[in-house]
**Q** 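Pasting a structure here, questions to come.
We name chains A, B, ... by the order of the sequence lines, and we start the count at 1 in each one.
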Number of protein chains: 2
Amino acid sequence: MTRNEEMLTASRPALLGAAGDDAAFRRMLHDLLAFSARLEQVRARFAAFIGLTPPQYTILITIRHLQDGEGVGVRQVADHLALSPAFVTQETGRLVQAGVVDKRPSAEDRRRVILTVTEHGAELLRRLAPVQREINDQLFEPLTEQSFGVLQALAAELRESAEQAVRLSDYLIAEGAGAGTGSGQRSK
Amino acid sequence: MTRNEEMLTASRPALLGAAGDDAAFRRMLHDLLAFSARLEQVRARFAAFIGLTPPQYTILITIRHLQDGEGVGVRQVADHLALSPAFVTQETGRLVQAGVVDKRPSAEDRRRVILTVTEHGAELLRRLAPVQREINDQLFEPLTEQSFGVLQALAAELRESAEQAVRLSDYLIAEGAGAGTGSGQRSK
DNA sequence: GCGAGATAGTTAAGTTGTCAAGCTATTTCC
DNA sequence: GGAAATAGCTTGACAACTTAACTATCTCGC
């Protein structure tokens with residue numbers, strides 16, 4: 001196996017195998033990809049259960065997650081989910097229509113809007129809980145107390161490093177730079 | 001804190017906190033959600049770099065991942081990514097057009113089709129590697145050799161348990177069962 | 001204290017991702 | 001040898017999501 005260093009998709013030693021290869025790393029990426037696709041499927045089922053579309057459900061639980069005490073704004077929700085503010089506006093509109101979210105202008109900053117989950121929204125999520133419990137148990141069935149601890153801490157860290165990574169990729173892969181079929185590259 | 005057991009979204013002890021609460025578990029779910037949204041953003045940048053759309057890129061690397069020795073079929077790719085075969089057919093068609101994937105009928109089973117990455121496709125991915133390396137290092141910056149080991153093994157297991165979980169959710173959330181807005185809603 | 005930018009959100013119009021349904025060709029297996 | 005299962009393809013139709021252009025408010029440097 002003439003392993004070519006130039007082809008590695010990661011270089012940190014912690015991510016490479018004994019032979020300096022990235023096979024395990026790649027496999028992990030594909031596993032994570034498949035896993036998150038399944039998570040999304042499950043979320044779609046949850047959404048259906050309470051009569052929402054998948055993005056609506058995702059936005060609803062995000063609002064609840066971020067609303068601590070005071071409410072949360074459109075932009076914060078959009079950032080957290082990596083969605084455009086326009087889309088979040090549109091979908092929260094529907095959530096308000098459905099009576100599961102309340103939207104009111106902020107008192108201090110009148111450009112802003114405060115999103116909170118209504119009692120009705122909370123009630124729907126409460127009804128979902130029993131089903132969720134059963135499915136989540138299955139979803140994370142391989143986790144032990146130990147590995148849950150690791151994963152739980154890691155998830156928080158990875159969220160942040162991934163945010164950085166997106167910024168880095170925007171910098172490295174600027175509009176037009178690329179290895180496209182033939183044409184030369186230009187930086188912005 | 002009158003923690004109500006009925007509202008928990010997980011019940012396995014390994015997933016609950018000292019107080020029997022699911023706060024950490026929920027936080028983890030939101031972190032994973034945000035993380036995978038960022039992963040998707042990064043994939044979109046990778047795709048752009050080699051002149052493909054995000055789903056095309058994802059399908060391309062999945063074909064490469066699964067093609068070991070012999071090629072891989074449409075259905076296997078669809079299953080791995082939780083996409084419909086119809087969509088995979090359509091997008092692989094475009095990948096063939098773009099010259100990055102080869103599609104030929106299987107010799108043994110003439111219903112089937114064998115997908116492989118062409119030399120040109122491999123070359124594009126090779127050109128992407130240096131960028132990928134830098135971004136992946138940032139993406140997984142918090143990982144140590146230890147935690148990489150844990151995560152790597154976990155990802156493989158979670159992929160399977162999640163597959164089970166999707167089946168379970170299909171069973172539990174059958175067409176029409178639900179906590180919709182009051183009325184028992186009939187779907188078409 | 002005042003105009004130039006930045007920031008929050010909305011609206012409308014468009015693009016892209018994705019699927020369901022219906023079809024053909026093959027294989028399986030009773 | 002035929003019914004049922006399986007692999008893939010085609011077409012239409014939506015749902016998900018974005019970009020661009022706009023309004024309203026806020027923040028500062030000067």
**Q** Looking only at side-chain atoms of Glu91(B), point me to the closest of dT25(D), dT18(C), dT26(C).
**A**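 Nearest to the side chain of Glu91(B) among the choices is dT18(C).
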**Q** Which nucleotide, dC26(D), dC17(D), dT18(C), lies nearest any side-chain atom of Pro55(B)?
**A**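 Nearest to the side chain of Pro55(B) among the choices is dT18(C).
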**Q** Tell me what Gly93(B) touches on the nucleic acid: a base, only sugar-phosphate, or nothing, going by heavy atoms under 4.0 Å.
**A**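 Touches nothing.
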**Q** Just to be sure I understand the rule, does Ala44(B) reach a base, reach only the sugar-phosphate, or reach nothing, if contact means heavy atoms closer than 4.0 Å?
**A**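 Ala44(B): no heavy atom of the nucleic acid under 4.0 Å.
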**Q** Got a salt bridge between Arg75(B) and Asp79(B), using NZ or NE/NH1/NH2 to carboxylate O under 4.0 Å?
**A**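 A salt bridge links Arg75(B) with Asp79(B).
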**Q** Could you go step by step and tell me if Phe49(A) and Tyr57(A) meet the ring-ring contact (aromatic ring centres under 6.0 Å, His included) rule?
**A** CA-CA 10 Å; Phe49(A) 188 81; Tyr57(A) 171 75; over 10 Å; no
**Q** Name the residue closer to the 5' end of DNA chain C, choosing between Phe87(A) and Glu40(A) according to the nucleotide with the nearest heavy atom.
**A**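 Whichever sits nearer the 5' end wins; that is Phe87(A).
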**Q** Would you check if Leu158(A) and Leu151(B) make a side-chain contact, meaning some heavy-atom pair closer than 4.5 Å?
**A**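 The answer is yes; the side chains approach within 4.5 Å.
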**Q** Does dA7(D) have its OP1 or OP2 closer than 4.0 Å to a side-chain nitrogen or oxygen of Arg112(B)?
**A**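 Indeed not, no polar side-chain atom of Arg112(B) lies that close.
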**Q** Among dT25(D), dA16(D), dT6(D), find the nucleotide with the atom closest to the side chain of Arg110(A).
**A**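 In terms of side-chain proximity for Arg110(A), the closest of dT25(D), dA16(D), dT6(D) is dT25(D).
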**Q** Name the nucleic acid region contacted by Thr53(B), choosing base, sugar-phosphate or nothing; use a 4.0 angstrom heavy-atom cut-off, strictly under.
**A**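 Counting heavy atoms under 4.0 Å across all strands, the contact made by Thr53(B) is with sugar-phosphate only.
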**Q** Taking only N and O in the side chain of Arg75(B), is any of them less than 4.0 Å away from OP1 or OP2 of dA7(D)?
**A**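 Yes, Arg75(B) has a side-chain N/O under 4.0 Å of OP1/OP2 on dA7(D).
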**Q** Base, sugar-phosphate, or nothing for Gln56(B), non-hydrogen atoms under 4.0 angstrom?
**A**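 Nothing, no nucleic acid heavy atom in range.
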**Q** State, to the nearest 10°, the angle formed by the axis through the first five base pairs of the helix from dG1(C)-dC30(D) to dC30(C)-dG1(D) and the axis through its last five.
**A**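 One end axis against the other gives 40°.
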**Q** Would you say that Leu124(A) contacts His120(A) through its side chain, given a criterion of any heavy-atom pair below 4.5 Å between the two side chains?
**A**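 Answer yes - side chains close enough.
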**Q** What nucleotide among dT6(D), dC9(D), dT10(C) has an atom nearest to a side-chain atom of Thr89(B)?
**A**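 When the side chain of Thr89(B) is considered, dC9(D) is the closest of dT6(D), dC9(D), dT10(C).
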**Q** Does a side-chain N-to-carboxylate-O contact under 4.0 Å join Asp31(A) and Arg159(B)?
**A**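 Judged by the 4.0 Å cut-off on N to carboxylate O distance, Asp31(A) and Arg159(B) do form a salt bridge.
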**Q** Nearest to the side chain of Ala86(B) - dA8(C), dT10(D), dA12(C)?
**A**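 For the Ala86(B) side chain, the nearest candidate turns out to be dT10(D).
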**Q** What's the verdict on side-chain hydrogen bond (donor to acceptor under 3.5 Å, both in side chains) for Thr9(A) and Asp22(A), showing C-alpha distance, side-chain angles and the deciding distance?
**A** CA-CA 7 Å; Thr9(A) 56; Asp22(A) 66 348; 2.8 Å; yes
**Q** Would Glu145(A) and Arg12(B) pass as an ion pair if we require N to O under 4.0 Å?
**A**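 No, this pair does not count.
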**Q** Under 4.0 Å from OP1 or OP2 of dA7(D): is there any side-chain N or O of Lys103(B) that close?
**A**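 No, because none of the side-chain N or O atoms of Lys103(B) sits under 4.0 Å from OP1 or OP2 of dA7(D).
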**Q** Using a 4.0 Å heavy-atom cut-off across all strands, classify Glu108(B) as base, sugar-phosphate, or nothing.
**A**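 Answer is sugar-phosphate: Glu108(B) comes under 4.0 Å of backbone atoms only.
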